[in-house]
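Start at 1 and go down the list; that is how both ligands and their atoms are numbered. Side chains included, hydrogens not; waters and symmetry mates left out as well; all remaining heavy atoms used. Note that this is a predicted model, so its numbers are computed, not measured.
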Amino acid sequence: MTELSLDKLAIFGAPPRFGQKLHVGRPNVGDRERLMERIGDVLDSRWLTNAGPHVREFEERIAGFAGVEHCVATCNATVGLEVAARAAGLTGEVIVPSLTFIATAHALRWLGLTPVFCDVSAETHNIDPRRVEEKITPRTTAIVGVHLWGRPCDTGALEEISRRHGLKLMFDAAHAFGCSREGRVVGSFGDAEVFSFHATKFFNTLEGGAIVTDDSELATKARLMKNFGFSGYDQVTELGANGKMNEFSAAMGLTSLESLEEFVSTNYRNYERYRQELENTPGIHLTVYDGREKNNYQYVVLEVDEETAGVSRDDLVRVLWAENVLARRYFYPGCHRMEPYRSEDPNAGLTLPVTELLAGRLLILPTGTAVGPEEVSGICGILRAAVSNGPEIHRHLASAKPPTASE
Ligand code: T4K
């Protein structure tokens, strides 16, 4: 591996390594011809939304894939979480991790529920079952775990706690489509799980999500609730919202499903290359996936230990952005430090040591079909050069003007 000298880095005035920006979450697109055919069918049929044939086929395919009886497709995962939480009858307080995309917390708060933030495990980055019980009060009705980066939560421990305390258990499975735990595919854990099929997910429906469950009553309610509560023409039997998936999204989803294996193997190829190229870089730890399980490898997650690397995570972000590598700090600073939670009880002034440590260390790198081996090697070369020259980079950045939003 050739090492870059400092004068080749853009923060020292060299041209950026990449002419085009490299994004975290650049969408994967399947077979265009097949997609256009399906879109043509949608237009010809003049059935654009409201439980059209593509959505129904998509729901069947997703339920089969996740090994569950019911799939209710939604316009996105945030509304999916709202509908699932309401259909499950959650009230009062719900225990959630803070190290997650803000949508997990907002979906609950939007319903008038109180998210109660719990710390995560330093090893798994998922909600720490040992901390969950401390958060249970007489107002608690549920636990919502998040399978962060697609690595499933400790579902057994959470199931045991929720059973013992009579709580509902749901999972935000936005990252975990196609992943497994102990050989069981994500989708059937807890009372319900919710996938995201947003454009930035490795498998996308433009915007979209799905509630998956084996609970027929919950599924029936969710199906009504995502369609204004209509149970027939002129008949409303539930409070409802508009959470429907449209036919174009389902067409994209059905087409993406046909390329699923290709997307996963591309992610895996990129992941392996990152692993090989960074394995001896001090202070840079690539988050590992259990090779015995199914993984989608859609997130390449580094943990930067500043003391050993000699350079901070935030310095690395600035180094990479200057090279047109738009690495992300997901999920800094943690939901509990964002509004409205940081100003409201019971989370105001809350400290979550592991979440805060990780929020200061995690760095997410680009992958997916828009990224090839050459880009991965280029990114790793930049990271190695930054770590080899940590103190000098740090000094330079400390004296440089901070980047503006457009830079
Ligand atoms: N729960 C969890 C744990 C989640 O991670 C998410 C979503 C949800 C729930 C809610 O799911 P949805 O309701 O969205 O279905 C992005 C996504 O918008 C969000 O869906 C995702 N998590 C989150 C992790 O990432 P941002 O704020 O980072 O998006 P943005 O606009 O900065 O885009 C990310 C990068 O992707 C940018 O560099 C631009 C690039 N990009 C984006 C889009 C939309 C493209 O290259 N093409 C595109 O079409 O949240």
Inset, instruction - Starting from atom 38 (O) of ligand 1, find the nearest protein heavy-atom neighbour and note its residue, name and distance. - result: His23 ND1, 2.7 Å

Legend entry - Nearest-option assignment for atom 21 (C) of ligand 1, heavy atoms, candidates Arg26, Lys201, His198, Glu82: Lys201

Legend entry - atom 1 (N) of ligand 1 [closest protein heavy-atom partner, distance rounded to 0.1 Å]: Asp172 OD2, 2.6 Å

Inset, instruction - Taking the side chain as every heavy atom from C-beta outward, state whether Val116 and Val96 have any atom pair closer than 4.5 Å. - result: no

Inset, instruction - Determine, using heavy atoms of Gly208 and all atoms of ligand 1, whether some pair is separated by less than 4.0 Å. - result: yes

Legend entry - Under 4.0 Å to a heavy atom of Thr78 - the qualifying atoms of ligand 1, by number: 10 (C), 12 (P), 13 (O)

Legend entry - Ligand-side contact atoms (ligand 1) for residue partner Ala103, heavy atom cut-off under 4.0 Å: 8 (C), 9 (C), 10 (C)

Inset, instruction - Please say whether His175 places an N or O atom under 3.5 Å from an N or O atom belonging to ligand 1. - result: yes

Legend entry - Residue, atom name and distance, where the atom is the protein heavy atom closest to atom 4 (C) of ligand 1: Phe101 CB, 3.4 Å

Legend entry - Identity and distance of the protein heavy atom lying nearest atom 28 (O) of ligand 1: Tyr330 OH, 2.5 Å

Inset, instruction - Mark the output for Phe331 as yes if a heavy-atom distance to ligand 1 is under 4.0 Å, and as no if none is. - result: yes

Inset, instruction - Take Leu81 and Leu108, measure what side chain to side chain contact (heavy atoms under 4.5 Å, CB included) needs, and give me the verdict at the end. - result: CA-CA 8 Å; Leu81 285 165; Leu108 299 169; over 6 Å; no

Inset, instruction - Using a distance threshold of 4.0 Å (strictly less than), state whether atom 31 (O) of ligand 1 has a protein heavy-atom neighbour. - result: no

Inset, instruction - Mark yes or no for whether Trp110, through its side chain, and Leu113, through its backbone, hold a donor-acceptor pair below 3.5 Å. - result: no

Inset, instruction - With heavy atoms of Thr100 as the reference, note each atom of ligand 1 found under 4.0 Å away. - result: 3 (C)

Legend entry - Cationic N near anionic O, under 4.0 Å, Arg163 to Glu159: no

Legend entry - Close aromatic pair by centroid cut-off 6.0 Å: Phe331 and Trp149: yes

Legend entry - Heavy atom of Gly209, distance to ligand 1 below 4.0 Å: no

Legend entry - Presence of salt bridge, Arg361 and Glu356, under 4.0 angstrom: no

Inset, instruction - Would you check the N or O atoms of Ala199, main chain and side chain alike, for any that come under 3.5 Å of an N or O of ligand 1? - result: no

Inset, instruction - Before giving the answer on side chain to side chain contact (heavy atoms under 4.5 Å, CB included), spell out for Ile379 and Leu22 the whole-Å C-alpha distance, their side-chain angles and the decisive distance to 0.1 Å. - result: CA-CA 10 Å; Ile379 294 168; Leu22 296 179; 3.9 Å; yes

Inset, instruction - Go through the structure and list residues passing side chain to side chain donor-acceptor pair (under 3.5 Å) with Arg131, not counting sequence neighbours. - result: Glu134

Legend entry - atom 43 (C) of ligand 1 [closest protein heavy-atom partner, distance rounded to 0.1 Å]: Thr200 CG2, 4.1 Å

Inset, instruction - Examine Arg328 against ligand 1 and note whether any of their N/O atoms are separated by less than 3.5 Å. - result: yes

Inset, instruction - Please could you name the atoms of ligand 1 that Thr104 approaches to less than 4.0 Å, counting only its heavy atoms? - result: 1 (N)

Inset, instruction - Determine whether the aromatic ring centres of Tyr341 and His106 lie less than 6.0 Å apart. - result: yes

Legend entry - N/O separation below 3.5 Å, Val24 to ligand 1: yes

Legend entry - Verdict with reasoning, Leu260 to Phe65, per side chain to side chain contact (heavy atoms under 4.5 Å, CB included): CA-CA 11 Å; Leu260 203 67; Phe65 190 89; 3.4 Å; yes

Inset, instruction - Before signing off on this row, confirm whether Glu207 and ligand 1 have an N or O atom pair separated by under 3.5 Å. - result: no

Legend entry - Atoms in ligand 1 flagged as close to Ser196, the criterion being non-hydrogen separation under 4.0 Å: 11 (O), 12 (P), 15 (O)

Legend entry - Test of ring centre spacing under 6.0 Å for Phe263 and Phe203: no

Inset, instruction - Check ligand 1 against Pro27 and write out every atom of the ligand that is under 4.0 Å from a heavy-atom position of the residue. - result: 45 (C), 46 (O), 47 (N), 48 (C), 49 (O)

Legend entry - Taking atom 41 (N) of ligand 1 as the reference point, the nearest protein heavy atom with its distance: Gly25 O, 4.0 Å

Legend entry - Centroid-centroid distance, Phe202 to Tyr299, less than 6.0 Å: no

